[in-house]
Asker: 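So that we are looking at the same thing, I have put the structure below in C-alpha cells.
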Amino acid sequence: MNFNDIKSLDEGYVLQTYARNQIAIDHGQGATLFDTEGKKYIDFTSGIGVCSLGYANEAWARAIYDQAMRVGHISNLFYTEPYARLASKLVPAAGMAAAFFGNSGAEANEGIIKVARKYSYEKYGQGRSVIITLKNSFHGRTITTLKATGQDHFHDYFFPFTEGFRYARANDMDSLLAQAGEDVCAVMMELIQGEGGVNPLERDYVQSVARLCRERDWLLLIDEVQTGVGRTGTMFAYQQFDVQPDVVSFAKGIAGGLPFGGFMTNEKCRSVLRSGDHGSTFGGNPMAAAAANVVMEALTPAFLEEVREKGQYLRDRIAALGSPYVSGIRGMGLMLGVGVQGMTHKELKDRLMEKGLLCLTAGADTLRLLPPLVITREELDQGLDIMAEVMSA
Ligand SMILES: *Cc1c(COP(=O)(O)O)cnc(C)c1O
C-alpha cells in the first residue's frame, strides 16, 4: 500500500486521536527509517524514546522469535525464565529491591500510586493519601494518571477524576511546602519533564525533596518512564542526581519496541503489594521480557558512556550552528530539548522531516530529540547536516 491508501483506511476506520505526521513508516535499520514511498529519514525519535536499539536489531528480533517458538505467552500464575532473569538484572542495576512488570507507562504509574497509598494506609490509616506532583508534568492517560499530570488542560471532560493530587511548582521548595499537610503520602515527579518540554529539575531541589520525603515518611515516587533504562546516559536518571527513590516506574525504552512497563520498590516498600493486590494479564509477557533482556545486556557501562558522549556531541554541534531559531538546549544524555524561536516547534519539525530528519516536539516551543541509543556518529552527522540546512540564518 502507498501512503494515500494507508491514510484513507486510517481516516475511514481509526479514531482520529493523533496529530499524525503525513508519512507512513515502512521499515528501518539502525537509526535510519524509510517511508512507504521509499524516502529515507534519520530518526531522532526512536518512537518516543522506545526503540533504544534502533530498528531491525538482530539480537532483539532473534530473542523475540526464539521466545515465540518456545512459549509466547503464559499467565503470571506460572514462573517464566525471561521474567525472572529480567528482574534479576534490572533490580540491582537500579539499586532497588524488587520489580513488578506491566505493559505501559500509565499502567506503571498507576502501580506506583497504589504502592504509595497502601504503604500509607497500612502504617497511618485512612486520610493520608494525597500525592504531590509537579506543574507541567506528564504521567499518563488513564483517569488517575491524567489527574496526577500537573497540567490543567488534561483535567477536562472526563469527570469525575481520581481525587488526591495536588500540584507544586518545579524547583521551588516553598511551593512544595505550601502543598504539604497531614494528608500527604508521597511526592511523584519526573527528573526531566519530558512531554512538558524537556525540563531537567535542579539537583539541589531533587535532593531537598528526597530529604523532606524521608523526614515526613512520604514516599519518593520517580517517574522514569521516559528518562529510564539508559536514555540519559545512566541506567536511571536519579543516579545522576544522587538520590534513591522509594518506588520508580519505567516503560518506554525497556523492551526496545515491545509494549513493556513496570516499577521497582526499595526494601521498605517491597511487601506493600501482596498476593491479590495487583496484577496484569499481559505484564512481563515472555516475548517482551526476552526483548527487554537484550536491551539490558546492551546497556554496559561503556555503552552508557557512549550515550553521554553522543548526547554531548549533539548538543555541541547544535549550539555550534549558531541558528537564529535556537533559544537554548537542555537535557541529559540522548534526551535533548532544543528551544525554538522565530517559528513554531511544529513548523520546524515539519521542515526537518521534509529534508529527511524525524524529530519530536514537547511543551510549547521545544524540539525534542530522542534518537535510538545505538545511533552512529555517521547518522548523527547526517541528521545534523539536515539541521544545518534547515536552521541556518
Ligand atoms: C510516556 C510517558 C508516560 C505514559 O506512558 P504510556 O506508555 O504512554 O502510558 C508516563 N510518564 C512519562 C514521564 C512519560 O514520558
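Ligands are counted one by one from 1 in listed order, and the atoms in each one are counted from 1 as well.
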Asker: Can Asp10 and Gln16 be counted as having a side-chain donor-acceptor contact under 3.5 angstrom?
Answerer: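 Yes, side-chain donor-acceptor contact under 3.5 Å.
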Asker: Considering both backbone and side-chain atoms of Ala251, is one of its nitrogen or oxygen atoms within less than 3.5 Å of a nitrogen or oxygen in ligand 1?
Answerer: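 No - when backbone and side-chain N and O of Ala251 are compared with those of ligand 1, no distance drops under 3.5 Å.
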Asker: So, Thr232 and Gln240: side-chain donor and acceptor under 3.5 Å apart, yes or no?
Answerer: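 Gln240 and Thr232 do have a side-chain donor-acceptor pair below 3.5 Å.
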Asker: Looking at atom 1 (C) of ligand 1, what's its closest protein heavy atom, distance included?
Answerer: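 So the nearest neighbour among protein heavy atoms is Lys252 NZ, 1.5 Å.
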Asker: When you compare ligand 1 with Glu190, is there at least one nitrogen or oxygen pair between them that comes in under 3.5 angstrom?
Answerer: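 By distance alone, the answer is no.
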Asker: Please tabulate, for side-chain N and O atoms in residues 255-263, each donor-acceptor pair with protein atoms closer than 3.5 Å (sequence neighbours left out).
Answerer:
none

Asker: I'd like to know if atom 8 (O) of ligand 1 has any protein heavy atom within a distance of less than 4.0 Å.
Answerer: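 No, because not a single protein heavy atom sits under 4.0 Å from atom 8 (O) of ligand 1.
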Asker: For Ala106, counting its heavy atoms only, list the atoms of ligand 1 lying under 4.0 Å from any of them.
Answerer: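 That gives atoms 4 (C), 5 (O), 6 (P), 9 (O) of ligand 1.
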Asker: Name the closest protein heavy atom to atom 5 (O) of ligand 1, giving the residue it belongs to and the distance to 0.1 Å.
Answerer: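 For atom 5 (O) of ligand 1, the nearest protein heavy atom is Gly105 CA, 3.3 Å.
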Asker: As a check for students: among Gln226, Gln193, His139, identify the option with a heavy atom nearest to atom 10 (C) of ligand 1.
Answerer: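 Of the listed residues, His139 has the closest heavy atom.
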Asker: What protein heavy atom sits nearest atom 11 (N) of ligand 1, and how far away is it?
Answerer: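 Of every protein heavy atom, Asp223 OD2, 2.8 Å lies nearest to atom 11 (N) of ligand 1.
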Asker: Out of Tyr167, Phe138, Phe161, which one pairs with Phe154 under the ring pair (Phe, Tyr, Trp, His ring centres under 6.0 Å) rule?
Answerer: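 Answer to the ring pair (Phe, Tyr, Trp, His ring centres under 6.0 Å) test with Phe154 among Tyr167, Phe138, Phe161: Phe138.
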Asker: Is the NZ or CZ atom of Arg128 both under 6.0 Å from the centre of the six-membered ring of Tyr121 and within 45° of that ring's axis?
Answerer: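 Cation-pi check for Arg128 and Tyr121: fails.
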Asker: Testing the 3.5 Å rule here: is there a donor-acceptor pair between the side chains of Thr36 and Asn2?
Answerer: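 The answer is no; no qualifying pair exists.
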Asker: Could you tell me whether the side chain of Gln382 reaches within less than 4.5 Å of the side chain of Thr32, counting heavy atoms only?
Answerer: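 No, side chains not in contact.
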Asker: Within the 4.0 Å heavy-atom shell around Asn109, which atoms of ligand 1 are there?
Answerer: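 Heavy-atom distances to Asn109 below 4.0 Å select 10 (C), 11 (N).
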Asker: Measuring from the heavy atoms of Arg141, does anything fall under 4.0 Å of ligand 1?
Answerer: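 No, Arg141 has no heavy atoms under 4.0 Å from ligand 1.
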Asker: Which bit of Thr145 is near ligand 1, meaning a heavy atom under 4.0 Å away: side chain, backbone, both or neither?
Answerer: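 Contact part for Thr145 vs ligand 1: neither.
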Asker: Please write out which residues are connected to Leu33 in a hydrophobic cluster, directly or through intermediates, given that two of Ile, Leu, Val, Met, Phe, Trp, Tyr count as joined at side-chain heavy-atom separations below 4.5 angstrom.
Answerer: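 Result for Leu33 is Ile23, Ile25, Tyr41, Tyr55, Met353, Leu358.
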Asker: Show which atoms of ligand 1 fall inside a sub-4.0 Å distance from at least one heavy-atom site of Ser104.
Answerer: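 Listed by number with element, the hits are 7 (O), 9 (O).
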